[in-house]
2 protein chains.
Amino acid sequence: MNKTTLQIKMLYNKMGSAEKRIADWLMENPGKIISLSISELAEQCGCGEATLVRFARRLGFGGYQELKISFAREDGSAKTADGISAEDSCFQIFEKVSEDIYCSLEMTKNSLDAQNLETAAKAIMNGKRIMIYGLGNSAAVALDFQHKLMRLGYNAVSFCDNHMQSISASHLTKKDVVIGISHSGSSKDIVDAVKIAKQNGATTISITNNGKSPIVKQSDIALYTASNETKYSILGLNSRIAQLAIINAIYYYISCQDKNSSKTIKTTEESLQSKKF
Amino acid sequence: MNKTTLQIKMLYNKMGSAEKRIADWLMENPGKIISLSISELAEQCGCGEATLVRFARRLGFGGYQELKISFAREDGSAKTADGISAEDSCFQIFEKVSEDIYCSLEMTKNSLDAQNLETAAKAIMNGKRIMIYGLGNSAAVALDFQHKLMRLGYNAVSFCDNHMQSISASHLTKKDVVIGISHSGSSKDIVDAVKIAKQNGATTISITNNGKSPIVKQSDIALYTASNETKYSILGLNSRIAQLAIINAIYYYISCQDKNSSKTIKTTEESLQSKKF
DNA sequence: TCATATATGAAAATAATTTTCAACAGTTAT
DNA sequence: ATAACTGTTGAAAATTATTTTCATATATGA
C-alpha cells in the first residue's frame, strides 16, 4: 500500500459522505485516477468537482493535479494489508508489520502535539535528574530512553521495579523531570510513581496511547502515540515503535540544540571503542 | 535511467532546435517538470506551448499531461529527506525520523532472508531455553524480545551483563537457542557469548546490521537489518527499529503457529489485570 | 531561385481546475 | 424547542491550463 492510500484510510472516519464515496472509488479502482480529469472522476464518484479539490487538499496536496501525480508516483500496484493469519510466512508477517508500523507513525504524527513535544524536550534538557518509569513492555522503551539520554551526558535513570519507581519519585524536587511510559496509561504503579513525583514538584511527562487515561491527569506534558492494532493483538506493539520514534526525535533534537552534546557523544563512543573487535 | 528519458535521447537528433531546448532542459532539471504547468515549462525552455504539446506527442503521449505523469511514475528517486539540523523543530525531526524508519524497513525487507527468518522462528519455537544477549542500545531490544516471548509462555531470558551472558552460554545444550543482538556485529562480549553457546551445540541466531561481522561467523542463522543512517549518527537508531520489527514478526508468527499461544496470551493478560486501573 | 516540407510560437478555442457562494445537515448553546 | 454555529456539499462563475489553428519562418532539394 502506498502513502496516499494509507492516508486516505486514516482520514476516512473524518470524511463526509461525498468524500467517503471518493475514497471508496479510489480504493476500488486503484490506478484509474491517473487517466481521469477532475470532471470525469467527479462523475464517477457522483460528487462535485469542488469536493474533489477539497478531498485533495485535505490529504495535503495543493489540488487535484497533485493528488493525481502522487498516485502516479506511488505505483498502481496497491497491496492491501490484511490481518495476519496462520498461513502467512514469517516474512509476509514482517511485511505486514512494517506496513502497520508505518501506519502508526503517520497516525502518531496527527495525535502528537508539536508544542508539547518541544516543551518536553526542553524540560529534559533543563532537568537536573531525569527519571524514566516503565513496566513490562514499556520497560524496554524506558531503558532505551535512558540509554540515549546517557549517551548525551544526561543524568538519566530508568526503573522497571515498582518499588524503586516510587522510592525514587519520593525524593525528587521541582528541578527534576519524570517520564512515565504506559501504552494504556492505566498502569497503577506507573501512575502512582508519577503522581508522587508531581506532588514533589517535579515536571511530569507521560508517553501514552490513551488520551483519557489516569496517567494524563498526573502529567504536566502528555505525548500521545496512536496506532490501530485491535486487529490482531492487545499488546501495543506498534504504539511501542511510535514511542521509540518520539524518543529518537527528542534525542536528535537535544543533540542538535545542546552544544555540549557532540563532545559528549564522542566521549561515549571512545568509551566503547575497546568493547569492539 | 527511465524509459521516457531514454526515448528522448534516442529521438534527440531528429528534433528541431526548440525541441532540443526542451530535451536539454528536461535532462538538466530531472523531476522538475512535475510541478510545472505547460506555460511555465514553455517559458523555462523559451518555446511556445504548442511545441511542448508536439514534443509530448512525438514521444508517444497523448499530450502534455501524460508526459508529465510519465515522469512522475518513473522518477522514484525523488525523495528529499534532508538531514536533521539545529533549525528543525522537535516535531519536524519526528517527521524525518518517521521517514527514515520507513526507509530502513523497506531496505531491511531486501536484506532480510525469508528462509532464515522462518528457520529462526521455528528454532525458537522448538528451543528448550531461549537466551537473548544484548548490550547498550541492544539491551533494550533484547529485553523487548524476552518480554514478548515470555508472554507467549516461552522459557526466554535476556542478559545485559557480559558476565551473565558468558556464564549462561556455558551451560547451554544443543536443545537451546541463543539470540545475539548487535547493530555493528562486532561487540566483543556478545560475540564471545554466542561463540561459547555454539561450542556447546546450541542453535545460534544473530540480528545485526553488518553482514561481514564477527558475530555472523558464530551464527547458525543470521538476520540482517539495513538502514542508511550515516547521515546524522553513528548510533543505529533506525536499524534498531528494524530489529524490533523482526521481533514483532517472529512474535506474531509464533502466536499464529503455536496452538497453545492464545491460551498463554490470555493467561498473561489475566495476570496483569490487577495492575491496571 | 523557387517549390515544397517542416518547424515554430502567438493567439484563439477548448478543456480542466479552482473559487465562490448559497443551500443544507448536524451539533451545541440558550 | 429554537437559535446560533459549524461543517459539508455541488452548481456556477472565475481562473488557469491545454490544445488547436494558423500565419510566419526556416530548411531542403531540384
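Per chain, numbering begins at 1; letters A, B, ... match sequence-line order. Owing to the predicted nature of the structure, the values given are computational and were not obtained by experimental measurement.
Going from atom CG of Leu36(B) over to atom C1' of dT18(D) covers 15 Å, rounded to whole Å. Rounded to a whole Å, the CG atom of Leu52(B) is 14 Å from the P atom of dA17(D). In this structure, the NZ atom of Lys68(B) is 10 Å from the P atom of dT19(D), given to the nearest Å. Counting to the nearest Å, the C1' atom of dG10(D) and the CD atom of Glu19(A) are 13 Å from each other. Computed from coordinates, the Arg21(B) CZ to dT8(C) C1' distance equals 9 Å when rounded to whole Å. For Ile69(A) and dT17(C), the CD1 to P distance is 11 Å, given to the nearest whole Å. In this structure, Glu43(B) atom CD and dT18(D) atom P are separated by 14 Å, rounded to whole Å.
Looking only at distances, a side-chain donor or acceptor of Glu118(A) sits under 3.5 Å from a matching main-chain atom of Cys90(B). In this structure, Thr208(A) contributes its side chain and Ser182(A) its backbone to a donor-acceptor pair below 3.5 Å. In this structure, the side chain of Lys68(B) engages the main chain of Leu36(B) through a donor-acceptor pair within 3.5 Å.
At most 12 non-hydrogen atoms from other residues, nucleotides or ligands lie less than 6.0 angstrom from CD of Glu43(A). For Lys195(A), the NZ atom sits in a loose shell: 12 or fewer heavy atoms of surrounding residues, nucleotides or ligands are nearer than 6.0 Å. Within a 6.0 Å radius of NZ in Lys32(B), no more than 12 heavy atoms belonging to other residues, nucleotides or ligands are found.
In this pair, Tyr133(A) and Phe159(A) present their aromatic rings tilted. The plane angle is within the 30 to 60° band.
OP1 or OP2 of dT8(C) sits under 4.0 Å from a side-chain N or O of Ser17(B). OP1 or OP2 of dG9(C) has at least one side-chain nitrogen or oxygen of Thr51(B) nearer than 4.0 Å.
Distances from the side chain of Arg58(B) to the nucleotides dT9(D), dG10(D), dA7(C) place dA7(C) closest.
Backbone-only engagement by Ser37(A) is indicated by non-hydrogen atom pairs under 4.0 Å involving sugar-phosphate atoms exclusively.
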Between the protein and nucleotides 18-25 of chain C, are there any N/O to N/O pairs under 3.5 Å, and if so, what are the atom names and distances?
unit_1  : atom_1 : unit_2   : atom_2 : d
dT18(C) : OP2    : Tyr64(A) : N      : 3.0
dT19(C) : OP2    : Arg57(A) : NH1    : 2.7
dT19(C) : OP2    : Arg57(A) : NH2    : 2.8

